[in-house]
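In what follows, a structure is listed as structure tokens, so that the remarks can point back to it.
Labels below follow one simple rule: chain letters A, B, ... track the order of the sequence lines, proteins then strands, and each chain is numbered from 1.
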Protein chains: 2
Amino acid sequence: MLLQKPDKRVTIHDIARATGLAPSSVSKALNDLPSVSKRIKALVKAKAEEMNYRHNSSAANLRRGSSRTIGVIVPKINVAFFADVIAGMEEVCFENDYRLIICQSHEELDKEIQAVETFIEQNVDCILISLSQQTRSAEHLKQALAHHIQVVQFDRVDHHFGGHVIVNDNKAAAYEAVKHLADQGYRRIAFLGGAMHLQIYRDRKEGYLQAVNEADLDIPYQYIVDDSRNAEIAMEKATTLLKYRNPPDAFFTVTDHAALGVLKATSALKIKVPQQVGIVGFANETFTAVTSPTLSTIDQQSKMLGRHAADLYFNHILKKKPAGNPAQPVCEVIQSRLVVRESSLRNL
Amino acid sequence: MLLQKPDKRVTIHDIARATGLAPSSVSKALNDLPSVSKRIKALVKAKAEEMNYRHNSSAANLRRGSSRTIGVIVPKINVAFFADVIAGMEEVCFENDYRLIICQSHEELDKEIQAVETFIEQNVDCILISLSQQTRSAEHLKQALAHHIQVVQFDRVDHHFGGHVIVNDNKAAAYEAVKHLADQGYRRIAFLGGAMHLQIYRDRKEGYLQAVNEADLDIPYQYIVDDSRNAEIAMEKATTLLKYRNPPDAFFTVTDHAALGVLKATSALKIKVPQQVGIVGFANETFTAVTSPTLSTIDQQSKMLGRHAADLYFNHILKKKPAGNPAQPVCEVIQSRLVVRESSLRNL
DNA sequence: TAGCAATTGAAAATCGATTTTTTATTCAAT
DNA sequence: ATTGAATAAAAAATCGATTTTCAATTGCTA
């Protein structure tokens, strides 16, 4: 008869018993620590394989006080930008033998706080976060810091919070987009913006303003419309503007969804794009390549941004840790680039 | 001077000390177990709040042997179908006070196996998985079972594996799509399929065949093309077919990306959709609503599918567990529905 | 009021890996 | 040959919550 319980998880104690070693030696062997001989290491590893041993993260985390896990919180995963950012983070985590776990805030502050709590309980080593639409301040991230969890904000960030931050060059990108429209001969360029409590939208607006200033364009105040991030609202606002006695001949929108809304508006009004009206969006969503006409937009180099965010943890924060000094806050800027497609190309 | 170390995580021992209780009582109070009085529960909870206590999952998981966590593995998160499925799973997990952690296989078998290993180490209670493109058999999931982790496959499944399974009514949906095309008067309906080692694509093909049979259509063998899931290949294959001396007048494709490829092909050849050629795709991706013309497709009720998958764990598997009998395998089918848009509407 | 059950709380064992401390061994050098 | 350092493995302590076992108190009944 078997002495073992029918099937309990195999532990290092079982391996120790099977090899006649001490559990501590088994642990060290499996972790390739120097204080155990090559012979033993080989022996232990073979036995572990044979017994179908699996490392128990909970036990190790508890003892170590670190989970070798990074948690990422994004508003939504089915947005091209965030999915790509996460892909970049995954790569870097994998290279460093860390796990990445993902939570969605679904643009709600409550869920975002919930996610932070979960990550504290799970004892992640670092939280990478892009704030939800509802979130006005990153105050709740203090809880994470209080529990010794590092925090890196990306894209939608609260600069006032004072921690590490990675963002696109939103102002410069918007400037370039609008300058491109001006270069194509569009003169009456309207702006469809986002919620003004989010820095990224304020920055994009600034870029727009700088460009229209430099090009010395006359912009009626009606052309500048905040809070029209989604397709429906944008369509409505664009329709109103296009029916105006002095209608715009181009739109720069802070999201691709808004650009799509403008496209629908023009289509409904039988206005030709790009001949009569030019459009440039922001984010390089998948669908921008398949509309008719295809939409010009800003590519945020999202995967690279994700890589840099994770890298910030491994190569800046983690390196400084042993020294004890808390790694002074970094603010990194990722360059984005204009993708010119049909919707803004009047001069062929 | 302070006696406490500057800042270590607050534990139930600290609360015990602060309240003069035993750690065990604190634990029971926090978990609302019956063997502790209301008075003590209130006292403990207040103190925990005051001391900014956070539950330590690692410690609890270790002791409990369960992590109250479900792991989901999908090929890609930035696919509308999977993102929606995950949203459904999240809801159900949240309702049951469980966590959901997400891994991507990026359509590679290696990464899929890696994800399973991670979940075993993390000791998740259940794995919900949709197989990668590369995966030919679910054999590697045996490892999870061997470690007492429940497995539910969804969408891309290996029926041969024998466990719990949730799928769409792929055959019926394809049948309906093709019947719809026939009803619209299209007679020469071509089929752009997927990899034949995946059941879902075999099923969709069967539905197509059944429909063309019943409508008594003559289909040259060239009309049936497997392995053209993505836009580029589909565009190429469609172009070839459309230049054929006896070209098809409609396409049913097993993915929306392929449908997009067909649309590009027709557009390049100046063929009018839906007047000259009808198109129906599969999956109801976001972009299908914004192409010109908009694409007809199959909606898979993905969020509901996700809810059901998670529900299968909580209401079927978990319920049976105490009894010891291992919950006989379930195969659940989620009905999908045809979404008729412009690309297949010839009769207005 | 004695006797017994039902509550309520404390004590101690436990989960499995890591890490620090000890002990035992090897080997070189004086 | 003996001290000493260097190496290798064992022993023991530890992480923090849960759970089982045990003890004490309360309350109720006869």
(message) Would you say B:His55 places a side-chain N or O within less than 4.0 Å of OP1 or OP2 belonging to D:dT18?
(response) yes
(request) Grab the NE2-P distance between B:His13 and C:dA12 for me, whole Å please. (result) 12 Å
(request) When you get a sec, tell me which of C:dG9, C:dA17, D:dG16 is the closest nucleotide to the side chain of A:Tyr53? (result) C:dA17
(request) Would you kindly give the CD1-to-P distance between B:Ile15 and C:dA10, to the nearest whole Å? (result) 14 Å
(request) Just call it for B:Ser24: base, sugar-phosphate, or nothing, with non-hydrogen atoms closer than 4.0 Å on any strand. (result) base
(message) Looking at B:Leu21, is its backbone amide N or carbonyl O close enough to the side chain of B:Ser25 to form a donor-acceptor pair, meaning the two atoms are under 3.5 Å apart?
(response) no
(request) Would you mind reading off the distance between B:Asn56 atom CG and C:dA17 atom C1', rounded to a whole angstrom? (result) 14 Å
(message) I want to confirm an ordering. Mapping A:Pro23 and A:Ser35 to their closest nucleotides on DNA chain D, which one lands closer to the 5' end?
(response) A:Ser35
(request) Measure from the side chain of A:Thr11, starting at C-beta and using heavy atoms only, and say which of C:dA17, C:dG9, D:dA10 lies closest. (result) C:dA17
(request) Examine C:dT18: is either OP1 or OP2 under 4.0 Å from a nitrogen or oxygen in the side chain of A:Asn31? Give yes or no. (result) yes
(message) By nearest atom, which of the nucleotides D:dG16, C:dA17, D:dA10 is closest to the B:Lys8 side chain?
(response) D:dG16
(message) Distance check needed: C:dA10 C1' versus B:Arg17 CZ, whole Å only.
(response) 16 Å
(request) Would you check if there is a donor-acceptor pair between the side chains of A:Gln153 and A:His164 at a distance under 3.5 Å? (result) no
(request) Taking the side chain as every heavy atom from C-beta outward, state whether B:Glu95 and B:Cys93 have any pair of such atoms under 4.5 Å apart. (result) no
(request) Report the distance from atom CG of B:Leu33 to atom C1' of C:dT8, rounded to the nearest whole Å. (result) 13 Å
(message) Just the rounded figure in Å: distance from C1' of C:dG9 to CG of B:Leu43.
(response) 13 Å
(request) Indicate whether OP1 or OP2 belonging to D:dA10 is found under 4.0 Å from a side-chain N or O atom of A:Ser25. (result) yes
(request) Verify salt bridge (charged side-chain N to carboxylate O under 4.0 Å, His left out) between A:Arg68 and A:Asp97, making sure each step is shown before the conclusion. (result) CA-CA 8 Å; A:Arg68 308 222 176 151; A:Asp97 198 26; 5.2 Å; no
(message) Check the phosphate of D:dA9 against A:Ser37, side-chain N and O only, distance under 4.0 Å to OP1 or OP2. Yes or no?
(response) yes
(request) Record whether the side chain of A:Arg64 comes under 3.5 Å of the base of C:dT18 through a donor-acceptor pair of N or O atoms. (result) no
(message) Of the options D:dA10, D:dT21, D:dT18, whose atoms approach the side-chain atoms of B:Lys28 most closely?
(response) D:dT21
(request) Figure out the CG/P separation between B:Asn61 and C:dG16, and round it to whole Å. (result) 13 Å
(request) Would you indicate which nucleotide in D:dT18, C:dA10, C:dG16 comes nearest to any side-chain atom of B:Leu21? (result) C:dA10
(message) Once you apply a heavy-atom cut-off of 4.0 Å, does B:Leu30 come out as touching a base, just sugar-phosphate, or nothing?
(response) nothing
(request) In plain terms, say whether B:Glu91 and B:Arg307 are close enough for a salt bridge, that is, a side-chain N and a carboxylate O under 4.0 Å apart. (result) yes
(message) Is A:Ser27 close enough to C:dT18 that one of its side-chain N or O atoms is under 4.0 Å from OP1 or OP2 there?
(response) yes
